[in-house]
*Asks:* 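Pasting a structure here, questions to come.
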Amino acid sequence: MAASRAAVAARRARAAVKADVARGTRSPLDVLRAAYEAPEGVEGRLRVTEFLISIPAIGATKSARIMQELGISPAKRLGGLGRIQRRRLREFVADWVADHGGTGERLVVLAGPTAVGKGTVASYIRRHHPEVRLSVSATTRAPRPGEVEGEHYYFVDDEEFDRMIAQGELLEWATVHNAHRYGTPRTPVETAIAAGDSVLLEIDIQGARAVRRAMPEATLVFLQPPSWEELVRRLVGRGTESPAEQQRRLETARVELAAADEFDHQVVNHDVGEAAQKVVDLMRPRKGRR
Ligand code: 5GP
């Protein structure tokens with residue numbers, strides 16, 4: 001009895017997910033994210049074909065053709081897809097969303113572990129690719145020598161940061177390294193996307209997760225160190241930190257590296273110019289890249 005009641009409830013929950021996608025109140029990318037995160041959850045138990053058919057303008061025939069092209073067998077559930085199938089399906093859906101008025105590939109988030117060189121890659125892009133719009137974050141930390149207000153950050157005090165949160169002005173925000181708060185102002189990002197421009201966010205991993213929740217169609221790029229040894233060298237190399245602090249940073253980096261799988265693309269930071277080019281290439285519309 002209990003088992004059959006649970007089965008009915010699960011079926012209803014899956015039907016609700018499909019209805020939301022069909023009505024356009026939930027992005028299909030958000031359903032994929034939930035399914036990949038929890039393969040045994042409601043979304044994970046949804047059959048790929050039912051998921052596809054719930055997307056407006058995709059019918060049974062089209063769904064069968066798409067699945068054949070993606071190499072997915074008809075009985076598969078979203079949670080049961082292999083790594084490559086997951087990526088292919090996500091790319092297909094991201095293209096579909098882009099073609100139907102979503103933000104598509106236009107919001108790109110660059111994140112990665114501490115000391116991997118995200119800031120250096122972002123600065124390189126700022127200097128060499130003026131066509132890329134880099135989001136300027138607000139932060140409560142003090143400016144470093146050479147940093148320019150409104151170019152590198154908006155430097156604000158705690159009170160102003162609190163106000164920005166309260167007014168809903170931040171797309172995401174996080175406390176980084178247990179010290180200062182950093183956040184992405186919402187309006188410039190939304191205005192740029194509405195105008196058809198691409199925007200790059202260089203933020204930490206918590207921020208990347210928050211962007212994915214707020215805008216599921218954002219593209220998440222993970223910057224990888226060339227090796228663990230190299231990351232250790234960059235983290236402890238300066239010798240200015242105490243052994244306890246070094247240990248803490250290594251522990252943080254290890255946890256952060258484990259988040260790589262949540263990202264859509266990985267770029268290895270062997271060489272700053274090369275890594276920057278790869279990120280910029282990911283910002284071009286996918287169709288142009290093929
Ligand atoms: P820094 O103080 O060295 O400029 O940056 C420290 C960290 O804060 C970096 O990991 C950077 O990616 C992150 N960060 C910068 N801006 C933002 C933001 O707007 N949101 C979040 N979540 N992290 C940010």
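We count residues from 1, following the sequence as given. Atom set for the values below is all heavy atoms of this structure, side chains included, hydrogens, waters and symmetry mates excluded.
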*Asks:* Nearest 0.5 Å, what's the CG-CD distance between Leu32 and Glu37?
*Replies:* 12.0 Å
*Asks:* Over 60° means perpendicular and under 30° means parallel, so tell me whether Trp173 and Phe161 are parallel, tilted or perpendicular.
*Replies:* perpendicular
*Asks:* Given the rule in the side-chain hydrogen bond (donor to acceptor under 3.5 Å, both in side chains) test, do Glu169 and Thr187 qualify, once you have shown the distances and angles that lead to the verdict?
*Replies:* CA-CA 7 Å; Glu169 289 177 16; Thr187 309; over 6 Å; no
*Asks:* Can you find a heavy atom in the side chain of Val132 that is under 4.5 Å from one in the side chain of Val108?
*Replies:* no
*Asks:* Measuring from Glu160:CD to Ile165:CD1, what's the distance to the nearest 0.5 Å?
*Replies:* 10.5 Å
*Asks:* Looking at Trp228, I'd like to know if the NZ or CZ of Arg233 sits under 6.0 Å from its six-membered ring centre while staying within 45 degrees of the ring's axis.
*Replies:* no
*Asks:* CD of Gln167: more than 12 outside heavy atoms within 6.0 angstrom?
*Replies:* yes
*Asks:* Looking at Glu43 and Arg26, does any basic side-chain N land under 4.0 Å from a carboxylate oxygen?
*Replies:* yes
*Asks:* So Asp264 and Arg90, do their side chains get closer than 4.5 Å, heavy atoms only?
*Replies:* yes
*Asks:* Apply side-chain hydrogen bond (donor to acceptor under 3.5 Å, both in side chains) to residues Ser137 and Thr184 and explain how you reach the verdict.
*Replies:* CA-CA 5 Å; Ser137 299; Thr184 306; 4.6 Å; no
*Asks:* Would you call Leu200 and Arg133 a side-chain contact if the rule is heavy atoms closer than 4.5 Å?
*Replies:* no
*Asks:* Any heavy-atom pair between the side chains of Thr139 and Val156 that's under 4.5 Å?
*Replies:* no
*Asks:* If you define the side chain from C-beta out and look only at heavy atoms, does anything of Tyr153 sit under 4.5 Å from Glu147?
*Replies:* yes
*Asks:* Check whether any side-chain heavy atom of Arg234 lies under 4.5 Å from a side-chain heavy atom of Asn269, and answer yes or no.
*Replies:* yes
*Asks:* Which value, rounded to the nearest 0.5 Å, describes the distance between Leu70 atom CG and Lys76 atom NZ?
*Replies:* 13.5 Å
*Asks:* Please name the pair of heavy atoms, one in Ser73 and one in Met67, separated by the smallest distance, quoted to 0.1 Å.
*Replies:* O-CE, 3.5 Å
*Asks:* Is a salt bridge present between Asp158 and Arg181, judged by a nitrogen-to-oxygen distance below 4.0 Å?
*Replies:* yes
*Asks:* Roughly how far, to the nearest 0.5 Å, is NZ of Lys18 from CD1 of Ile55?
*Replies:* 12.5 Å
